[in-house]
Amino acid sequence: MELTLQSPLHTLHGVGEARAAAFARLGLCDIRDLLLFFPRAYENRGDVRAVAETQDGQLCSLVLQIDAKAPEGRTRTGLTVTKLSASDNTGAINLTFFNQPWLTKSLRQGMHYRFYGRVVFGMYGREMTNPVAEALLPGGHLPDIVPVYPLTKGLTGKAVADTVRRALPLADALPELLPEPLREEYGLLPVAAAVRGLHFPPSLEVLEQARRTVAFSEMLVFQLAMRELRAGSRAKPAYPMQLKGAGAAAFFRALPFQLTGAQERAVKDIFGDMTSGQAMMRLVQGDVGSGKTAVAAAAIYFAVKNGCQAAMMAPTEVLAAQHYRSLTALLAPFGFRVELLSGSLTKAQKNGVHERLRSGGIDVIVGTNALIQPDVHYRRLGLAVTDEQHRFGVIQRAALVNKSTEADADSPQTHTLVMSATPIPRTLSLILYGDLDVSVLDEMPPGRMKVDTFLVDESYRVRIQTFIRKQLDAGRQAFIICPLVEENGESDDKKAVTEYAERVKPVYAPYTVGCVHGRQKPAEKDAVMAAFSAGELHVLVSTTVVEVGVDVPNAAVMLVENAECFGLSQLHQLRGRVGRGKHKSYCILMSDSKSEKSRSRLKIMTETNDGFEIANADLAQRGPGDFFGSRQSGEIRFKCASFADMALIGQTRALADRLWDGPLSQDGAYAPLRRAARDRLEAEAARNTLN
C-alpha cells in the first residue's frame, strides 16, 4: 500500500490500534498531522562537560565510565533504587536511578556511557538523579540534539520519535507555501527541509533556521488572514445610520456625568464610522475606569435610534449581568427593551429570548458567547459590541457580526465595536487587532481616586491582617487573590484559594469569607460573586477570575499573594477592582521572591497607576508571548511563531501589505498563500463554533 499524507497513522509500520488511539488523543490522525506535530522542546545532549567543570544545578551531558554498582535497594514507599559511581579523568560523580531496575544489568562496570541530566552538589559530592543513559558503541553516533514531544498515556518519547522517522520521507509531499523568490529573499528553507530540521536537527543552527521558516510562514498566513477578514467585513455596505433625528443630544444630557475629552473623541469616531456607509470595525481601548461602557452605551443608543438591534457580548456571566444592569439604567428611560441572555437561563427562558430577538421584540441584548449559538437569530442586528476582546478570538467576534447575514446573505453588514480594558502597546495591538481602527481613552473621569500600592514580604503578614481588619471594621470589603485553586504538593510556597479561605476565616471572624475560582460551576460562582457585591460577604478569596469587570464600589483592599506569579498588566487589572467607589483604596502585593528581577518588576506597580506605562514595562520585561497570560489571546495559536518575536511580526506585516494588492492577486505562484489564509479563517471558525 502506497502511503500518502492523508494515510491514517495505523498504516505506518509499528503503529497498531492502541498506539494509533494514543496518537488520536493528541489530535493526530494521519501522516500529515504527525509531520506537523513538532517537538515542544529539545535536549542539547551534545553539550558534554567534564565532571570537574560542572556547576551546581547545571543541565548537561557527561561521558563517564561506570566504576562501581551498589546492591539494588528500595525506598520506604517501595521504589527500587539503583546507585552507581562513575567518573571521567577529571573527577567522580554519584548516579541514582529510581524504579529502573533493568539498569543494574544494562549499565556494565568498566564501560563508558553518555549521561544527560542535572548535576547537583550533594552531601557526598556531585550527583545526578535519573539521568538519561546512552551506550557509547564503537563507530556509533549519538544525536547531539534530541526532540522532546508532548506525550499522552500509551506513548513514550522514543515511540513518537521512531514513528516520526518512519513518516519523514513523506515530508517531500508537503505543499510549498512560499515561492522560491520569497524563501531566498528572507533566507528560509523549503518546507520539507524545515520539517526535518524541526524534528531531528543536526545542529542548533539548522534548528533555528527551520523554526524561523515555519514561524515566518505561520505569521505571514495569519497576517494575510487578518486582511481577508477585514476585506470580507468591508466588502458589503453597512446598516445606514443618520445623525439627524437620532436624538443623541438627549442621551448625553441624561448621563449622570460629564464625558471626558477622550470619551467625546471616541464617540465622534464611532458616529463617523456608523454614518460612513461602510461597516465600523473599531477598538475602544482604555485603562480600568476610563469610561468605555458609557462610550458603548452611546453607540448602542445611536444604533437603536436608527432602527437596529444591538448586542453586547462579555466573556463571563458576572460581567454580562453587570453590563445588563448598567445599560438598563442608561437606556430603559428612553423606552429601550434591554434583555440578558446567558447559559444559566432555563430552556424556556432562553426560548423566550430567542423568539423576541427573532421578532424584533428586543432592542438590546447582553450576554456571554450564548449570543453566537447556532439557534440564536436576530431580526436586524446593526451593532455588535464585544467587551474584553482579548478573551475572545477574532473568529468569535466575526461570528457575532455575521449573525446579521445568516438568514439573508444580502443583509447589510453589522457595525463592530470592540472594547478592551487591557492597555496594549501599539506595536502589539497592530497584530492582535490588525483588522480594527483604534480609539484610545487616555483620560480618567474626574474624581477617580488613585489606589495606593505597596510591595511587602511575609514579615508584614500580621500588620497586613490588622490593616484589613480595620478596613472591615470601617465597613469596607477586601479581595484576596491567590495563584492556585488548590494545593498540589509541588508548590509549597504558592497560596491556593480553597485552603487559604479556610485558614483566614478565624483571622477575620466575625466577618464572613467567601471563595471563588474557575473550577466552580457557573451558578455557584455567580452566587458567591452576587453575595460579595451585595455586601453579604466581607472578604473574597479568589483566583484571577475577578480580574475583569467585577464592580464592587465598597471594596477598598486588594491583597495579591505570591504577586511574582502574575504579569504587571494582570496585576493592574486586579488593582482596578478596588478604588471604584468613594472610599480610599489600597493594593498590597505580597511576595517573598528573592529574585531581584521580580522585585524590580513588581516595584513598577508601586510607582505608577498608568496602565499604558505598565503595559509597556510588562512588554519590555516579559515579552508579548506572556503578555496576556495563559489563554487570553483568543484563538491565535501557532506551532512555532510567537508574539514575542516583534522583528518577525514587522517583517511579515510589511510583506503582507506588499503582497495583498500585488503578487498575491496576480501571480499564481502565490495562490497557495492566499488559500492558506482562507483555510486558517475557516478552520478557526469551525474550532470556535459553540454547540
Side-chain angles (χ1 to χ4, degrees), residues 233-234 236-260 262-284 291-314 320 323-341 353 356-367 371 376-387 400-405 407-408 411-419 437 439 441:
S233 298
R234 299 199 169 182
K236 296 172 55 180
Y239 278 98
M241 305 277 174
Q242 298 291 331
L243 274 170
K244 188 176 181 180
F251 171 79
F252 295 119
R253 282 196 303 270
L255 288 176
F257 48 80
Q258 182 73 33
L259 293 182
T260 65
Q263 287 174 308
E264 290 179 351
R265 290 192 297 274
V267 169
K268 183 178 179 181
D269 290 340
I270 290 167
F271 285 3
D273 290 345
M274 295 174 75
T275 57
S276 70
Q278 278 196 323
M280 173 176 68
M281 298 183 69
R282 182 165 294 278
L283 166 68
V284 173
K292 295 177 298 300
T293 301
V295 172
I300 290 170
Y301 175 92
F302 188 58
V304 176
K305 279 294 188 177
N306 274 274
C308 292
Q309 293 172 303
M312 176 181 273
M313 184 166 68
H323 281 315
Y324 167 70
R325 292 190 294 271
S326 299
L327 291 176
T328 299
L330 291 172
L331 301 175
F334 296 98
F336 286 21
R337 297 162 296 183
V338 184
E339 294 202 32
L340 178 67
L341 177 60
V353 174
R356 290 190 291 279
L357 273 177
R358 187 182 299 110
S359 65
I362 294 175
D363 299 312
V364 183
I365 187 71
V366 185
L371 298 181
V376 176
H377 305 283
Y378 299 79
R379 184 182 181 194
R380 187 178 167 85
L381 182 61
L383 174 65
V385 182
T386 54
D387 191 18
L400 178 57
V401 172
N402 292 336
K403 282 290 182 181
S404 64
T405 59
D408 182 0
S411 294
Q413 184 70 35
T414 298
H415 295 283
T416 302
L417 181 63
V418 169
M419 300 194 298
D437 298 314
S439 295
L441 300 184

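The model shown is predicted, which means the values in this text are computed figures rather than measured ones. What's counted below: heavy atoms across the whole structure, side chains too, no hydrogens, waters or symmetry copies.
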At their closest point, which heavy atom of [X] faces which heavy atom of [Y], and how far apart are they?
{"X": "Ala296", "Y": "Met419", "value": "CB-SD, 3.5 Å"}
{"X": "Phe257", "Y": "Ala294", "value": "CZ-CB, 3.7 Å"}
{"X": "Leu327", "Y": "Ala297", "value": "CD2-CB, 3.8 Å"}
{"X": "Gly247", "Y": "Tyr301", "value": "O-OH, 2.8 Å"}
{"X": "Pro412", "Y": "Ala238", "value": "CB-C, 3.6 Å"}
{"X": "Ala298", "Y": "Val267", "value": "CB-CG2, 4.2 Å"}

Atom [atom1] in [X], atom [atom2] in [Y]: separation rounded to 0.5 Å?
{"X": "Met274", "Y": "Leu243", "atom1": "CE", "atom2": "CG", "value": "10.0 Å"}
{"X": "Gln278", "Y": "His415", "atom1": "CD", "atom2": "NE2", "value": "10.5 Å"}
{"X": "Glu339", "Y": "Ile362", "atom1": "CD", "atom2": "CD1", "value": "3.5 Å"}
{"X": "Leu340", "Y": "His323", "atom1": "CG", "atom2": "NE2", "value": "11.5 Å"}
{"X": "Thr416", "Y": "Met280", "atom1": "OG1", "atom2": "CE", "value": "7.0 Å"}
{"X": "Leu341", "Y": "Arg356", "atom1": "CG", "atom2": "CZ", "value": "10.0 Å"}

| Is the closest side-chain heavy-atom distance between Lys292 and Leu441 below 4.5 Å? | yes

| query | How about Ile300 and Leu330: do any of their side-chain heavy atoms sit closer than 4.5 Å? | reply | no

| field | Qualifying side-chain hydrogen bond (donor to acceptor under 3.5 Å, both in side chains) pairs with a residue from residues 324-338, counting only residues at least two apart or across chains | value | Arg337-Asp363

| query | Yes or no on side chain to side chain contact (heavy atoms under 4.5 Å, CB included) for Gln242 and Asn306, after CA distance, side-chain angles and deciding distance? | reply | CA-CA 7 Å; Gln242 298 291 331; Asn306 274 274; 4.0 Å; yes

How would you list, by chain and number, every residue that makes a side chain to side chain donor-acceptor pair (under 3.5 Å) with [X], sequence neighbours excluded?
{"X": "Thr275", "value": "none"}
{"X": "Arg379", "value": "none"}
{"X": "Gln309", "value": "none"}
{"X": "Asp269", "value": "Ser439"}

| field | Expected output: side-chain Arg380 to main-chain Gly360 donor-acceptor under 3.5 Å | value | no

| message | According to ring pair (Phe, Tyr, Trp, His ring centres under 6.0 Å), who are the partners of Phe302, at least two apart in sequence or on a separate chain? | response | Phe271

| message | Test side chain to side chain contact (heavy atoms under 4.5 Å, CB included) on Val304 and Leu331; report intermediate values, then the result. | response | CA-CA 10 Å; Val304 176; Leu331 301 175; over 6 Å; no

| said: For Tyr378 and Ile365: C-alpha separation, side-chain torsions, deciding distance, then whether side chain to side chain contact (heavy atoms under 4.5 Å, CB included) applies. | reply: CA-CA 10 Å; Tyr378 299 79; Ile365 187 71; 3.7 Å; yes

| query | Knowing that exactly one of Leu383, Asp387, Leu283, Thr386 qualifies, which makes a side chain to side chain contact (heavy atoms under 4.5 Å, CB included) with Leu417? | reply | Leu383

